[in-house]
There are 2 protein chains.
Amino acid sequence: MAQSDTVTRILDTAEVLFAEKGFAETSLRAITTKANVNLAAVNYHFGSKKALIQAVFARFLGPMTQNLEAALDRSQSDVSNGQLTVEDILILVARVMVAESKGSPARLSMMMRLAGLAYTQGQGHLRKFLQNQYTQTFYRLMKITAEATPELKPIERFWRFHFMLGSLVFTMASLESLQAIAEHDFGVRNSELDVIDQLLPFLASGVRAGSLGSPSKGWSLD
Amino acid sequence: MAQSDTVTRILDTAEVLFAEKGFAETSLRAITTKANVNLAAVNYHFGSKKALIQAVFARFLGPMTQNLEAALDRSQSDVSNGQLTVEDILILVARVMVAESKGSPARLSMMMRLAGLAYTQGQGHLRKFLQNQYTQTFYRLMKITAEATPELKPIERFWRFHFMLGSLVFTMASLESLQAIAEHDFGVRNSELDVIDQLLPFLASGVRAGSLGSPSKGWSLD
DNA sequence: TGTACATCAGTGAACGCGCGTTCACTGATGTAC
DNA sequence: TGTACATCAGTGAACGCGCGTTCACTGATGTAC
């Protein structure tokens with residue numbers, strides 16, 4: 001059995017199991033058994049479980065950020081002033097993500113779960129890893145979004161960006177559960193593409209919402 | 001030491017540690033050590049770790065759903081036809097949540113983080129528990145939201161409801177990190193109330209966004 | 001071409017550890033008669 | 001009032017288990033001379 005085969009089988013299986021059960025809840029024994037690979041092979045090829053988790057995400061995020069950068073390049077050169085709208089940006093990101101998941105919604109769901117964990121889970125190794133590897137693309141996205149929403153104050157934009165991120169991450173992370181509920185309650189089976197189609201106008205409208213401005217708007221909690 | 005004292009100390013400590021590290025990553029030994037309580041006390045008082053997790057939720061959600069129901073009663077009797085707007089509903093929920101956190105914003109953030117974990121973390125006992133215990137209030141909220149958004153198709157409303165939930169849960173769960181970033185990047189210290197003030201218009205606008213309707217809207221991913 | 005050595009993917013078994021849980025026990029308080 | 005028993009919060013130590021990791025080893029392939 002060639003190396004690439006064992007390594008790939010471990011990564012493929014780990015990806016699926018991590019997405020199904022989470023990281024802590026997925027043991028190396030579960031992965032190696034399902035992958036038909038020796039238990040010690042994970043530590044042989046990756047060094048540790050942590051390193052395996054990072055390798056799983058690197059395999060996904062590496063190509064994805066590259067595609068994202070390429071798509072941004074293309075879109076910006078398509079318009080005369082290089083200025084994209086919020087809608088342009090959202091569709092662009094969605095397309096790259098969907099393309100990168102290559103028909104496997106489980107993959108998409110797992111990646112979003114990572115984003116959630118990385119943000120949420122205090123000072124874990126995952127967050128550090130993500131920040132080190134992918135800040136460049138992240139900040140480019142932030143910058144372009146800023147140019148697309150000149151009417152927002154920077155601090156407002158900051159929060160709204162993360163509100164959007166929250167909707168996306170939460171929805172994708174719990175996609176399977178929500179799909180099941182939707183099917184039970186409404187008899188409709190929404191694919192991940194359907195859900196993204198619904199999500200995009202929600203996000204675009206939210207990010208464009210009138211600024212709070214005066215307290216007369218009636219939003220005050222007091 | 002009276003029973004209530006030991007039980008309360010376990011619940012208080014578990015709440016903090018669960019929110020900080022997640023459920024699987026927090027051991028009973030960590031909880032009982034920090035709470036200055038015997039290891040066996042958790043199993044004595046609660047029966048199991050699962051039951052402890054549920055008790056932590058119940059202590060927060062029990063009173064909160066009661067207050068939510070009461071607030072809904074009050075608001076609905078205030079207006080002639082009992083019909084609230086989306087903005088009314090959002091402010092109402094926000095107020096109850098803020099009130100329930102009783103001046104401890106950390107607690108609010110903690111409960112939202114726990115809720116996020118519960119939703120996201122696989123097929124666990126937690127979601128089943130939450131659904132069994134709090135469906136009534138949940139469905140009342142859904143129903144009122146439905147009446148406030150008659151222009152939406154049920155399935156659209158379902159997804160947008162969870163998009164909102166995602167923004168809320170994610171933002172509150174990562175509140176501390178985001179506050180730190182905001183302070184570093186923009187020199188502004190936003191309280192949790194400030195953040196909620198920013199969140200509400202975002203959500204209201206998102207949930208009212210034009211429905212996808214025709215593909216001519218340009219949202220299609222194909 | 002043959003021999004000796006190096007490299008490396010892969011293996012089976014064991015290791016130590018932290019986990020949730022269990023159990024026999026203590027000691028204080030309440031209750032029946 | 002005194003005695004016997006019941007109840008119950010709390011305890012210390014141990015249990016079995018699954019975990020990630022380690023290690024000595026195999027066997028195939030490549031390389032130097």
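The basis for the numbers below is simple: all heavy atoms, side chains too, and nothing from hydrogens, waters or symmetry mates. These numbers were taken from a predicted model, which means no experiment stands behind them. Here is how names work: the chains are called A, B, and so on, in the same order as the sequence lines, proteins then strands, and each is numbered from 1.
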Strand DNA chain C in bracket notation, Watson-Crick/G-U under 3.5 Å with | for pairs to another chain: .||||||||||||||||||||||||||||||||
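Rounded to a whole Å, the CG atom of B:N38 is 10 Å from the P atom of D:dG10.
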Letter per nucleotide, 5' to 3', of nucleotides 15-30 of chain D [B base touched, S only sugar-phosphate touched, - untouched; heavy atoms, 4.0 Å]: ----BBBBB-------
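Atoms OG and CZ, on A:S101 and A:F60 in that order, are 6.0 Å from each other to the nearest 0.5 Å.
With sequence neighbours excluded, the residues forming a salt bridge (charged side-chain N to carboxylate O under 4.0 Å, His left out) with B:D73 are B:R140, listed by chain and number. Every residue was checked against the salt bridge (charged side-chain N to carboxylate O under 4.0 Å, His left out) condition with B:E176, not counting sequence neighbours, and none meets it. Not counting sequence neighbours, the partners of B:E15 by the salt bridge (charged side-chain N to carboxylate O under 4.0 Å, His left out) test are B:R59, B:R107. Annotation: salt bridge (charged side-chain N to carboxylate O under 4.0 Å, His left out) contacts of B:R74 (sequence neighbours excluded): none.
Here B:H45 reaches the OP1 or OP2 of D:dG10: one of its side-chain N or O atoms lies under 4.0 Å away.
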Steps toward side chain to side chain donor-acceptor pair (under 3.5 Å) verdict (A:W159, B:N190): CA-CA 10 Å; A:W159 286 111; B:N190 284 124; 2.9 Å; yes
Residue pair A:Q198, B:R160: steps toward the side chain to side chain donor-acceptor pair (under 3.5 Å) verdict: CA-CA 8 Å; A:Q198 305 244 18; B:R160 292 189 183 191; 5.1 Å; no
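Here the two rings, on B:F129 and B:F57, have centers that are 6.0 Å apart or farther.
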